[in-house]
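Reading through the structure tokens given below for one structure.
We use all heavy atoms of the structure for the numbers below, so side chains are in, but hydrogens, waters and symmetry mates are not.
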Amino acid sequence: MSRLEESLNINAQASREARILARRKRIQERLATAHQGESSGGKEGEKKEEVGKGKQQIIESKRRLYRVKHRTEQDVTSVRIGGDEREQQHRINEEKTRQELRAKLLAEAEQSARNNASVAMRWADLFSIEVPQDLYDEIEKQRQACERIINSKDKLIADIKTELKKKDDEFVKTLKRQAENIDTLLQYMSRQFVEMQSAYKNELEEIENAFLQERSDLLDSNRGEIQELFDKRSKLEQDFMDRYLSTVENYQQQLEALRIADAEDYHILKIRLETDIQNLEQHLEAMRATYQLNTEKLDYNYRVLVERDHENQTTINQQKRKISRQRDVLSSLKQRYAESEKKYMEENMKLTDEYKRITEQFKDLQSKFRHFEQVDTNKYNEVFSMKEREVAGVVKQLLQADKVLHEQQLGWDWLPPHESVFTPSLPSSSFAAAKAAQEEGNKEDADEVETEEEIKARMGEAEVQDSLKDPRNNGALSLLCDEAGFLIDAKIRSMLDKLSKDEAGQVKAESVLRSLGVFDGSSFNALMDALTASSTIEMRAKGMTVPARRISGNADGGQVPVLVHPDDVVKRLKAFIEVESTTPARGGIGGAAARVAGVSRRAAEVEQEYWARMSNVINEKGTRVWGVLEKQLEKYKGLLQERSASLSEVESLQHQNTELRALLNQYLTSRINSELVVPPTVLI
Amino acid sequence: MNAPFIVPPLKDLCVTVVAGNFEENPTFGPLPDKYVKKVVEILPIDLPLELAGTAIIDEEYWKRRCLSRWKNMEAAPHAGSWKQLYFEKNLEDAMEQYDAALNNMDDLKRLMTYSRKFIQTVRLRQLPSHMDLTDMFECMINSPSALAVHYSLKNVGMEYDRSLFGMKLADCRTLAKCLEKSETLTYLDLSNNGLDDDKVRMLASGLVENLSITHLNLSHNKVADRGVRALAKLLDSKSVITMLELQDNQIHVEGAKSLARAFKSNQALVSVNLRLNRMGDEGCKVVCDALKSNNSLERFNLGSNSAGAETVSALVPLIRLSQSLIELDLSCNSFGPKGCEQIRKAVEQNTTLQIMDIRQCGAELDEESAISENLRARQEKRDRAKIVGRA
């Protein structure tokens, strides 16, 4: 009965579970579709471009498979979970029942122990009962009590037995359920297997389809692309072919034209070249003939030359011998020359030393002279300046007196003499001039040429150079060079050999001019003049003053002047040098001394003038005024002396008066007066 | 019909002769590989095992030999090697059928010794002899890396006796001693052996010295709080155990607390299974709190533990903050609709979770499907990223 109930119960439970499962599945499917819609709406749209169709399908399939797998796995594991759940409940229940049972057992044990105790106590009472009836009753009672205890125990045992039975049943049931569960599990597993298999198969097919689709799409697109490319290529090839053919034709025509033109050219050229060949052959023949002739001529010449060569050989030998002889002579001469040179060199050295010594002495002398001169001049200057100061003091005093007289005694305006009366006396200026002149001289001694003079000299040289190049002077210059060749320097003479003829002449002339002391245009002109036939220079050299002829006029004439006879040239030159050296314009020691003398002479004149001026500072008129004034002042002095005497008299009288007045006062104020009956004050 | 008239080539003749005399002369010499293969093809499958093991490496031969002896065999669970499969199966059969009265122990030892080179896993589905496993460990030095022993008896029928099943304390003692010495064992499966607290403690005393076992399976036993406390001591910071399976035991609140203490300092555990225990709301809460500070755990099963609202308050931050958790099973608990909603929100904030089971927890159907939809969307996104990235 209970089993049937339980089986019903189980059935009901199973159907309930099945219903729950079905409901859960439905809900899951609904949710899944909703979710799918969401996700496919959102994600797939954006990913589709990136991922290929096949990949997309794989993702999709994976998702579907995952879902199927998840669902079926849930189904399969649900059996285990159901079993777990039941087992857990069962364990909890079992624990509860076990505890209940234990409690019941304990309670029963207690109860029975109590009953046992009461029964055991009654046994003792039983011995006291004497009446068998009573004893029987009591024993009966005791037996009943024992039976009750046994019954309760039996009941418990029965309870436990039923429990055991229940357990047994339950075990069987559990076994059955387990078998059922295993069946369902197997069922689920096989179902899962089948489902998964079919799902995988489907998905695989779909993925394959998708890939095939993708492939065919790709193939189509690629084919189209390739077709397009092929079309393009064939079109390009066609174009190229057309162009190629046209250009080929064009080139062929050009080639033809060129060929024709070249053939014509070739013909012309051929004809011309043939004629040329003929000409050249003729020429060749002629040339051959001439060459033949030339060969013979040259052969003859060669023979002649060979002969001559022999002759020359002999002469050369002779000359060589001669040269060797001459060389011996030369070496002996050289030896002699060296000896004499050595001797002369020694002599020269000696003389040079002497010269140096004398020059030193001369220089010493000069410096001594200069020193003494300096000292003398200084002394003179000092004395001079002292005197002059004295004179100036006197004159100043004099002038002061004059001024006083004029202004105070005469009441006239006093005009001071001009300032120049004092100032130009300056004895130092004349002295400075003299000194400057002296210094100039010194400088010339020391061969120090001032820049001004240098410039002048350079200008002069330039003039000389210019006039040297003047062709008009050529005659005179050549004459000069020929006749006065001894004037040329040894150095220049050695140089002359290397120079050309023209240059040598010029250099020669220059050298002669330099040794004659001609450094500027004017002297050159003078020289030229001296070399003319009509020159008066000899007379001038003898001291006569004959005006020099105008050279410019000579030059203006444009004619070459008649030159002096070559024999007289030396004479003329001598005269020229004399004249040139006496001219004051020439520099030198003599000129400087003259200048110094001139300066000192002028200074003396200035001094004289100065002294005269000093002595006449006060003119005649002043002196006369002074004399009259003196007389008048003498008179005035006498008058004043008289007055002074009378004044001293008056003064002594006044003095007496005051003394008397003092005495009076003394008397009046003396003490005696107060003692008097009638003081004199009252009386006064 | 013409066959008898054709003289077989000399080579074939030689091959047959070599194959026929292989037992007497068990070597191929300098034969080319082609003929070695031919010889092996026709070798008899009843060659002595010792000889065949050393001389023959051809997989086809071993496949032939396996399939002729057992049905429904597959090489995949045995590292894809038919030879390994044959040796392992052979040894397992020998040990399972061993009876001290009938068989000679020395023969078995010999078998173990020469099988050692070809064996990785020893999986005993029954051991009625309760033989001393020390012999096995001694004979097979350095060889078995995985050991699974079920002390039970198959096909008992009406001879059922309770004492035939389960491990005895003596078995535990010998095994513990072996474990102390073993240096190659990485997988130990003692599920369904009726281990109670005392036996587990005995085993744990051996495991303390062991530093090679990474996968420990003690599921479907009767381990209670004291046994769990002993196991928790193993899970210190030096422990190398990465996978711990304790489902279907009798762990209560106290055991949960000791486990929680161990989880706090442990950094090696990757997978923990505590399904079908009696930890209750308080125990689950303590364990979840402890796991918050752990960042290596990837798989965690807390199903069927009658966890409640308090556990939810600890679970929510664990789910929200964890950076390592991939799989989480919370099925068959009583969180109620509100708790499930909180969990759903936490899952939405998490980024690593891939699988989550919250069935039979009193959740609304919408919540459950929302969680699974969330995880599914995440998985799809990962797949898409993988495919697009690959593209």
Side-chain angles (χ1 to χ4, degrees), chain A residues 17 20-21 23-36 38-40 42-44 46-52 54-71 73-75 77-92 94-95 207, chain B residues 160 219-220 222 247-252 273-280 301-307 327 329-334 354-391:
Chain A
E17 275 174 12
I20 287 170
L21 260 175
R23 202 173 130 219
R24 189 175 292 170
K25 241 178 236 170
R26 272 206 305 281
I27 287 169
Q28 271 180 1
E29 271 160 18
R30 210 168 56 220
L31 274 171
T33 48
H35 189 77
Q36 203 175 354
E38 265 173 45
S39 67
S40 65
K43 283 178 193 169
E44 284 170 27
E46 58 189 57
K47 294 264 177 168
K48 213 150 199 173
E49 297 89 27
E50 298 169 28
V51 191
K55 295 271 164 62
Q56 189 65 34
Q57 183 60 46
I58 288 174
I59 293 166
E60 185 72 17
S61 305
K62 270 211 164 186
R63 196 168 65 220
R64 255 181 271 164
L65 286 174
Y66 182 82
R67 193 158 288 140
V68 171
K69 207 164 142 193
H70 186 260
R71 181 161 53 73
E73 242 166 42
Q74 290 246 320
D75 287 347
T77 49
S78 70
V79 176
R80 177 180 63 77
I81 285 169
D84 278 356
E85 176 76 16
R86 264 199 305 277
E87 178 65 20
Q88 200 185 359
Q89 288 305 324
H90 167 73
R91 281 186 192 187
I92 291 167
E94 206 172 336
E95 205 165 300
I207 288 167
Chain B
Y160 173 82
S219 52
H220 307 294
K222 291 189 220 157
Q247 68 260 41
D248 194 10
N249 278 301
Q250 292 171 4
I251 305 171
H252 287 76
N273 196 337
L274 295 172
R275 187 169 63 87
L276 208 58
N277 278 299
R278 308 291 311 280
M279 300 204 295
N301 195 333
L302 199 63
S304 313
N305 262 308
S306 34
E327 204 178 315
D329 192 338
L330 300 171
S331 56
C332 302
N333 282 307
S334 50
Q354 286 181 14
I355 296 172
M356 169 94 186
D357 199 339
I358 194 168
R359 281 175 292 177
Q360 304 281 4
C361 282
E364 304 264 341
L365 279 176
D366 290 356
E367 299 283 353
E368 265 179 51
S369 48
I371 287 174
S372 59
E373 277 303 317
N374 191 354
L375 295 176
R376 188 186 307 167
R378 217 181 280 170
Q379 178 69 31
E380 278 164 17
K381 211 187 271 178
R382 260 198 296 275
D383 283 349
R384 178 187 295 273
K386 211 187 283 174
I387 288 168
V388 172
R390 203 174 49 202

Practice prompt. Select one option (side chain, backbone, both, neither) describing which atoms of B/Gln360 are under 4.5 Å from chain A's heavy atoms.
Written response: both
Fill in: Proximal component of B/Asp329, with respect to chain A [non-hydrogen, under 4.5 Å]
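For B/Asp329, the contact with chain A is made by the side chain alone.
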Worksheet item: Can you tell me how far the SG atom of B/Cys332 sits from the CG atom of A/Asp84, to the nearest 0.5 Å?
Response: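 Answer for the SG-CG pair, B/Cys332 versus A/Asp84, is 5.5 Å.
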Item to complete: Kindly compute the distance separating CD (B/Glu380) from CD (A/Glu60), expressed to the nearest 0.5 Å.
Response: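 With rounding to 0.5 Å, CD (B/Glu380) is 8.5 Å from CD (A/Glu60).
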Fill in: Polar side-chain atom of B/Arg359 near backbone of A/Gln74 as donor-acceptor pair, under 3.5 Å
yes
Worksheet entry | Considering all heavy atoms, the nearest A/Tyr66-B/Gln354 contact | OH-O, 4.3 Å
Worksheet, complete the sentence: In terms of heavy-atom contacts, A/Arg91 and B/Asp248 come closest through NH2-OD1, 2.6 Å
Do [X] and [Y] make a side-chain contact, defined as non-hydrogen atoms from C-beta onward lying under 4.5 Å apart?
X	Y	value
B/Ser372	A/His70	yes
B/Ile387	A/Lys62	yes
A/Ile92	B/Arg278	yes
B/Arg275	A/Arg80	yes

Discussion item. Looking at chain A, which one of B/Ser304, B/Gly303, B/Ser306 has the largest number of heavy-atom pairs inside 4.5 Å, strictly under?
Written reply: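 Of B/Ser304, B/Gly303, B/Ser306, B/Ser304 has the most heavy-atom pairs under 4.5 Å with chain A.
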Worksheet item: Side chain, backbone, both or neither: which part of A/Gln89 has an atom under 4.5 Å from a heavy atom of chain B?
Response: neither
